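Okay, structure first, notes after.
Chain letters run A, B, ... following the sequence lines, proteins first, then strands; residues in each count from 1. Small disclaimer: the values here were computed from a predicted structure and weren't measured.
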2 protein chains.
Amino acid sequence: MDAKTDMEKQQERIRIKDIARLAGVSVGTVDRVLHSRSGVSPASRQKVEEILKQLNYQPNMYASALASNKKYAFACLLPDHSEGDYWEDVEKGMSQAVSSFSDFHISLDTLYYDQYEFGSFVEAGNRLLESNPDGVILSPTIEEETSHFVCLLQRLGIPYIFIDSNIPKLNPLAFYGQHAQKSGYFAARILHMLARESSGIVLFRQIYEGRLGSNQQLHREEGFYDYMREHAPGLKMWELNLYAKQPGQDEKLLDDFFRSHPQVNCGITFNSKAYLVGEYMLKHHRKDFHLMGYDLLRRNVECMKAGTIDFVIAQQPTMQGYNSIECLCNHLILKKKIKPCNYMPINLISADNIDFYFDAHTYE
Amino acid sequence: MDAKTDMEKQQERIRIKDIARLAGVSVGTVDRVLHSRSGVSPASRQKVEEILKQLNYQPNMYASALASNKKYAFACLLPDHSEGDYWEDVEKGMSQAVSSFSDFHISLDTLYYDQYEFGSFVEAGNRLLESNPDGVILSPTIEEETSHFVCLLQRLGIPYIFIDSNIPKLNPLAFYGQHAQKSGYFAARILHMLARESSGIVLFRQIYEGRLGSNQQLHREEGFYDYMREHAPGLKMWELNLYAKQPGQDEKLLDDFFRSHPQVNCGITFNSKAYLVGEYMLKHHRKDFHLMGYDLLRRNVECMKAGTIDFVIAQQPTMQGYNSIECLCNHLILKKKIKPCNYMPINLISADNIDFYFDAHTYE
DNA sequence: CGTACCTTTGTGTGCGTGCACAGAATGGAT
DNA sequence: ATCCATTCTGTGCACGCACACAAAGGTACG
């Protein structure tokens, strides 16, 4: 029966056809209004817009994607990385998203650069632009170069998303990552519980070419010191710089430090390389040292299971990757409004709850 | 041009039409094979199945949902609850999912029962069955009655999902919730850090009609004791039963306990009612007591901000709700394979990282 | 050989939307 | 009034799939 009551119809989804009928125009006109195309008289436009608002019309995105049959090419610019690294999880999340939204005809091209060679970032950026992508995802690890690159994207009208760390003034379409300062603050609370009153804490830092690796690291440190200033002003703290690239050198630095500071039984790294210290402890059979770090890298996980890393703060890299692709789809295809700043949860992981944090499962 | 190279076509999505052409049959026949309907000769069926497997055909679920135009009614059976409660977040997740999958024409009907009146569960269950739903979500809080109810569902061929707690032998289509034993174990690790060596720990328990509220609570306790047995066998522990329904009575019990055990400065609840103790501490201006609990109820959050609850373990109720609806869609509409056991992360929340855990944002 | 009946296969329409194209209306110039 | 240009509006097909219906082929029986 065509003669359904209004009661029943209320539940039904409103279609373009319905809007057209109510506005006394054809679906073509409604379509033009919806996509703000030209060729509609002011009177019709206003009438249609009125009805749209009144009925709170939501297009059927599946029908829309089916009909428009466009292809979207996304591109991603990441630091190059090896197996078991942080960025691998980010990529995993992105490829999960690509396959989950494959019916939208999206594709993803990932380009890599050497985080410590600025030239390689620029070069990768140029290659990316050549492919003329519809949306870009990148991590603003190098502020200066990112700034330049983002200017080009803006000029071309290509939306870009930041993951992992943020530079708000370069206003990306969205940011997915952790609130670094607050995560440092939280880490401090936990480490403070681990630290005995009498002893002290050592901060292991990562130095490249004479400067700290990233803003992330700096903000985490800030948060850490903020907490300690408020809650444990008397606690002694040391900073020890490590260099990752020359393992022998780091080992010697650690030897020297612990020889001259035997009472220190607590430490933290504000980057993902806690395993450098954890593996050192393992090698020297020191199980009494309490260590914290960041990110569920394979080597960190192994240290946690072996007992030389107590806790790690995870920042859901897989979810970051997944969400950033989803965000581009929402923006470009479904024209949804995007939330610009999206902080990931600050997760505390120990050997006990680690099994529930490989967030892969969430998005099969 | 119709004459695309195979190279190009490889990237394209395979359609039913393609399968039909390659198998030398019509799309109707392929359709029949895909939906395992009758009326296909063994020869054709085999040929089509072969091609399907060979090309790993994945149907376009959007087109499929669009064409089939079926309506799905889901039903949900939950303990009744007041504002700011745990179940409210579960419901929030479910309604977010319903609106995010609204193009699949799903609807959700939620029924409530009194958790402590078994008869009301049965009555709500019967009302639910009358509406003849396509899928059911419930929390098996009462084992006996749930078992009966689930039998009925099985007989009717209606799939059901458990959230929050699990009874594997009633084999639900899927379970979304926390690994209770391991979460208790993890909680113990944290509380052990909070507890000074010299003092002891009190376990506040929730008693209804002479027995513990739920299996969840029991398993958490188990995990907690497991940890303590392994890592702090000497630590003294007490159990104090509370009754929630008579606040005056609880206050007296707490008074008595702390008068006779002034050295105890640490406690935990294995249900969501930590605020009973937190608010007591607030009232008596005791800030030196370390308290842990479960779930981000409004009253718990307030205690955390006031400083009388140190940590809470959260179990992502919103995500549980969202995922359970998503699961029914995947199973009934998209015919995807379902993962039967889905453990939520074991999240540790303090006042510092709480802002990042109202998981609403994730699914706008 | 015609008819009835069953099994197997092919075709056509519609789901809600995007978009190209055709058609109608308007206004101005001749 | 006629013609053309311009603006505005309506129609029809396509997207990939589900499902109803029609058609074709085969078998049995009078």
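- With 3.5 Å as the limit, one finds no donor-acceptor pair spanning the side chains of B:D18 and B:Y57.
- Boundaries of the chain A contact region on DNA chain D are D:dC8 to D:dG16, first to last in 5' to 3' order (nucleotide atom under 4.0 Å from a heavy atom).
- Atom CG in A:N69 sits about 13 Å away from atom P in C:dA20, given to the nearest Å.
- Aromatic ring orientation, B:F74 versus B:Y72: tilted (interplanar angle from 30° to 60°).
- By the 30° and 60° cut-offs, the orientation of the rings of B:F175 relative to B:Y343 is perpendicular.
- In terms of position on DNA chain C, the residue among B:T29 and A:S64 whose nearest nucleotide sits closer to the 5' end is B:T29.
- Using a 4.0 Å cut-off between charged nitrogen and carboxylate oxygen, A:R127 and A:E123 count as a salt-bridge pair.
- Following rounding to the nearest Å, A:I16 (CD1) and C:dC15 (P) show an atom-to-atom distance of 14 Å.
- Remark on DNA chain C: of its neighbouring residues B:S68 and B:S26, the 5'-side contact belongs to B:S26, judged by nearest-heavy-atom nucleotide.
- A:I14 places its CD1 atom 12 Å from the P atom of C:dG16, with the value rounded to the nearest Å.
- To the nearest angstrom, P of C:dG18 lies 11 Å from CG of A:L66.
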Would you give me the side-chain donor-acceptor pairs under 3.5 Å for residues 35-51 of chain A, sequence neighbours excluded?
unit_1: A:H35; atom_1: ND1; unit_2: A:D31; atom_2: O; d: 2.9
unit_1: A:H35; atom_1: ND1; unit_2: A:D31; atom_2: OD1; d: 3.4
unit_1: A:R37; atom_1: NH2; unit_2: A:D31; atom_2: OD2; d: 2.3
unit_1: A:S41; atom_1: OG; unit_2: A:S44; atom_2: N; d: 3.2
unit_1: A:S41; atom_1: OG; unit_2: A:S44; atom_2: OG; d: 2.9
unit_1: A:R45; atom_1: NH2; unit_2: A:R37; atom_2: O; d: 2.9

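- Salt bridge annotation for B:D103-A:R13: present, with a cationic side-chain nitrogen under 4.0 angstrom from a carboxylate oxygen.
- Distance CG (B:D31) to P (C:dT11): 14 Å, rounded to an integer number of Å.
- When rounded to the nearest whole Å, the span between CZ of A:R37 and P of C:dG18 equals 8 Å.
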Does B:Y86 form a side chain to side chain donor-acceptor pair (under 3.5 Å) with B:D164? I'd like the steps, not just the answer. CA-CA 10 Å; B:Y86 177 80; B:D164 194 58; 2.7 Å; yes

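- Classified by interplanar angle (parallel below 30°, tilted 30° to 60°, perpendicular above 60°), the ring pair B:Y322/B:F101 is tilted.
- As judged by a 4.0 angstrom heavy-atom cut-off over every strand, B:S44 is placed among residues touching the sugar-phosphate backbone only.
- Using a 4.0 Å heavy-atom distance criterion, B:V25 is classed as a sugar-phosphate-only contact.
- Against DNA chain C, the stretch residues 47-61 of chain B makes no heavy-atom approach under 4.0 Å.
- The aromatic rings of B:F162 and B:Y160 lie tilted to each other, with the angle between the two planes from 30° to 60°.
- When the nearest nucleotides of DNA chain D are assigned to A:G39 and A:H105 by heavy-atom distance, the more 5′-ward of the two goes with A:G39.
- The base of C:dG18 has none of its N or O atoms less than 3.5 Å from a complementary donor or acceptor on the side chain of A:R32.
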